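Working notes for the structure below.
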Amino acid sequence: MQRPNKGKTPRRPGPRKAANMDKDPVGVYCRIRPLGAEDEECCVEMISSSTIQLHPPDGLKANRNGEYKETQYSFKKVFGINTTQMELFEDVAKPLIEDLIHCKNGLLFTYGVTGSGKTFTMTGSPGEGGLLPRSLDMLFNSIGPFQAKRFVFKPDDKNGMEIQGQVDALLERQKRDSQHSVPKTPSSRQKAEPEFADMISSEEACKSENVDEDCCYSVFVSYIEIYNNYIYDLLEDAPFDPIRPKPPQSKILREDQNHNMYVAGCTEVEVKSTEEAFEVFWKGQKKRRIANTELNRESSRSHSVFTVKLAQAPLDADGDHILQDKNQVNVSQLCLVDLAGSERTSRTRAEGSRLREAGNINQSLMTLRTCMEVLRENQMCGTNKMVPYRDSKVTHLFKNYFDGEGKVRMIVCVNPKADDYDETMLVMRFAEMTQEVEVARPVDRPICGLAAGRRHRNRAFRDELPRRLDEQGGPSNADDAALLNQLIESLPAMPRCELVDPADDQTLPRLIEVLERRHRVRQMMTEQFNKTASTLKSMLQQFDSQINAKETFLHDQRSKLSEKEKVISSQKMELERLEKKSKTLEYKVDILQKTTDMYEQDKRSLQNELETREQRLHRELLERKRMEQRMQGMVTDSKLKWEKECERRVNAKQLEMQNKLWVKDEKLKQLKAIVTESSSSSCGGGSGFPLERPEKPERPSRERDHNMGHKRSASPSPLQKALPVHPMHRRSHSAGGEKWVDHKPASNLDLDTVMQPIIPNAIKVSTPNEKVLSKCQKYVLRHQELASDGEIETKLIKGDVFKTRGGGQAVQFTDIETLTQEYATASSRKRRSGSVEGAAHMEDIENRAPVASTSSNLGFQKRRKP
């Protein structure tokens with residue numbers, strides 16, 4: 001058995017596209033409020049009628065470049081501190097009221113930080129009415145004579161309007177008047193409250209001249225607030241329970257059949273005058289949430305939306321009644337929005353519920369900013385990103401204004417004090433971005449098929465009929481009841497018809513005569529009426545022929561106009577396609593240019609880095625070569641030094657062993673001599689001949705050992721390569737005409753010796769420096785150290801001073817002189833054994849000093865930084 005297929009859920013139709021492809025940017029205006037005190041610091045300056053400049057305050061930190069940056073922002077128009085409410089209304093709100101009368105939607109909202117004057121701009125104060133009361137006043141001044149009676153238009157609770165007949169409307173009015181529980185709104189004849197009456201003066205009243213007189217109008221107002229991202233109806237009459245008060249119920253958003261968003265279950269009040277609309281507004285204003293903060297004494301804690309909805313329908317062909325056709329009803333609305341101000345909790349010091357309110361306010365404003373950014377990106381770049389309208393009730397409610405059609409105006413309110421500089425900067429950036437968003441231009445309403453001027457012709461006919469009747473001697477009143485009474489009164493009076501006697505022959509003839517006269521008058525009136533009716537019928541036929549001719553002409557003109565509109569629309573579509581393509585190409589060119597610039601910058605940076613690394617590598621190679629040469633010199637010096645040291649140690653060890661061996665031999669000889677002398681004295685002591693003492697053995701000489709050591713060396717000493725120095729003139733190095741630097745450290749001790757190093761033409765310093773070295777050619781360092789025998793040994797280390805390539809001074813050591821001092825208080829054995837050894841040692845040092853100096857000039861230099 002084959003299973004039946006399930007029916008698919010029908011796809012929901014997409015949002016309605018605007019029929020008109022023309023778009024206008026969002027109109028952004030700026031209003032600067034006056035400073036609270038004259039001595040306050042100002043950070044906003046009005047440069048021209050469309051430009052302002054922001055100055056960072058004195059206490060603000062510098063930007064990244066270390067400079068204070070001044071920024072300029074442009075608007076459609078800038079209103080200074082001396083701008084009146086009337087001037088602001090003329091430029092911003094008046095065009096929206098004229099569009100509202102012509103069936104076009106509009107959205108006007110104020111935006112800014114807390115305490116910048118948004119509520120004052122929208123509502124105003126006594127004597128200085130804001131945009132809202134002036135808009136209502138202009139609307140009722142324009143449509144006042146053409147308003148329909150109450151309850152002729154009735155909301156259908158689905159964001160639409162229904163038309164009721166005269167009888168149903170009358171019943172609705174009687175039902176409303178009979179309900180005493182519902183307070184009756186005051187009519188325009190009653191005296192309004194003083195604060196409302198003083199809002200707008202009679203001199204400032206204005207009206208629109210282009211009002212269609214062939215339509216009937218009705219105005220409906222609603223007032224809601226969005227608090228903590230919940231929608232509440234401020235005009236809802238909830239029953240008050242003093243025992244268990246209930247919180248107000250929030251409303252939900254729905255979408256109508258035209259995909260427009262509306263608040264379901266919202267109260268819509270029909271008003272017939274400005275005063276009545278004011279009272280309804282004030283009723284909701286009292287319920288709005290307002291709190292005191294550190295920055296604003298009356299801070300709005302919610303976004304308020306006051307909606308003015310205008311319903312209009314054409315009159316019938318006679319111009320007497322409204323057409324009972326729902327499709328002919330046009331509904332337009334204007335939303336006046338007072339957004340709550342953005343604020344920083346660090347400045348307002350909000351806590352608890354105030355902190356939560358501030359967070360929700362800032363979150364909704366952030367969502368509005370995000371939606372604007374995505375809209376601008378989609379329009380400029382041709383992308384199709386999803387706009388996050390549903391993230392906030394504010395953006396979700398006004399979704400159809402940005403996706404559909406209508407005029408959108410924004411007033412940026414600015415507080416010029418320096419404390420609000422950071423918040424004002426963010427507001428300016430948002431306003432600058434909003435100006436780049438485009439909204440579809442509203443289209444004109446469809447033209448009704450009936451002839452224009454119906455109301456005027458009906459009024460003219462009613463005025464002309466009594467005049468014609470008056471000229472022809474008939475009744476001059478067109479009213480049926482009054483005309484009937486007048487006709488009855490114009491007839492001959494009826495006589496008394498009391499018959500007492502059957503033979504009375506006077507009453508009946510008199511009655512017959514009166515009735516005959518009345519009959520003749522009636523015939524005359526009937527003839528006059530038929531004549532007037534025929535005249536009127538001919539006039540109506542003439543009017544109908546003229547109207548038909550005009551309708552035929554209008555039909556031809558409309559057909560031509562439709563053809564022209566089709567051509568224009570096709571050309572506009574082609575033009576928009578080319579503009580969109582041009583924008584896309586420009587965007588791609590910009591991206592490619594930015595990419596090219598980025599690649600060029602990367603190329604330059606890489607080239608600079610490559611050059612820097614090549615230079616660094618070259619320097620490292622040169623440094624490595626210099627280091628290799630220096631290390632080779634140091635290795636050679638170290639090698640020669642250790643060879644000499646090893647040779648010296650070997651010679652010293654050999655000499656020490658020889659001395660020890662000689663001492664032992666000497667002791668053995670002395671012991672032998674003592675033994676021999678004692679034995680000879682005991683054996684031949686009486687002979688009287690003294691025995692000859694053997695000769696003292698000669699101690700080996702150090703110089704001989706030294707010469708023998710040189711003879712034993714297998715390889716020739718490299719010291720012979722140095723310049724020959726005559727030992728007789730060794731101390732003449734310091735007696736020349738050169739200038740010397742005598743470096744004597746402060747730690748040296750003064751020795752009271754006869755031989756002192758005296759250097760003429762010398763500069764004595766304890767610490768050498770570049771200035772002293774630049775004045776001399778020679779250098780000598782006095783160095784003291786403790787010798788192996790515990791005596792102080794002084795060394796004179798000499799060198800040549802020369803200039804380096806870098807402009808500094810360097811010293812190359814060339815010679816070492818050693819001065820020693822010995823005391824004669826040593827033991828006899830030491831003095832006897834060291835007398836020759838000391839002289840030999842001194843001679844060895846004097847002879848080896850030039851050798852040591854020769855080994856020191858093979859590359860060891862003392863350098864100073866230039």
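Along the sequence shown, residues are numbered consecutively beginning with 1. Since this is a predicted model, take the numbers as computed values, not measurements.
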Looking only at atom types and distance, does a side-chain atom of [X] sit under 3.5 Å from a main-chain N or O of [Y], one as donor and one as acceptor?
{"X": "Thr51", "Y": "Ile47", "result": "no"}
{"X": "His55", "Y": "Val44", "result": "no"}
{"X": "Glu738", "Y": "Asp800", "result": "no"}
{"X": "Arg33", "Y": "Gly115", "result": "yes"}
{"X": "Ser605", "Y": "Asp602", "result": "yes"}
{"X": "Asn769", "Y": "Val772", "result": "yes"}
{"X": "Ser116", "Y": "Gly112", "result": "no"}

* Considering only heavy atoms from C-beta outward, does the side chain of Gln72 approach that of Ile52 to under 4.5 Å? -> no

* For Arg782, which residues count as a side chain to side chain contact (heavy atoms under 4.5 Å, CB included) partner, sequence neighbours excluded? -> Asp742, Lys744, Asn748, Pro757, Leu796

* Carefully, step by step, assess Glu817 and Lys795 under the rule salt bridge (Lys or Arg N to Asp or Glu O under 4.0 Å). => CA-CA 5 Å; Glu817 293 184 8; Lys795 291 184 178 181; over 6 Å; no

So with a 6.0 Å cut-off around [atom1] of [X], is the heavy-atom count from everything else above 12?
{"X": "Met657", "atom1": "CE", "result": "no"}
{"X": "Gln607", "atom1": "CD", "result": "yes"}
{"X": "Met366", "atom1": "CE", "result": "no"}

* Tyr111 versus Arg369, side-chain donor and acceptor atoms under 3.5 Å -> yes

* What residues, two or more places apart in sequence or in another chain, satisfy salt bridge (Lys or Arg N to Asp or Glu O under 4.0 Å) together with Glu436? -> Arg376

* Asked: By salt bridge (Lys or Arg N to Asp or Glu O under 4.0 Å), which residues pair with Glu623, not counting sequence neighbours?
  -> Arg626

* Lys/Arg-Asp/Glu bridge criterion (N-O < 4.0 Å) met for Arg624, Glu628 -> no

* Phe75 vs Glu432, side-chain contact (heavy atoms from CB on, under 4.5 Å): CA-CA, chis, key distance, verdict -> CA-CA 8 Å; Phe75 299 89; Glu432 189 176 32; over 6 Å; no

* What distance separates Trp740 CH2 from Lys798 NZ, expressed to the nearest 0.5 Å? -> 5.5 Å

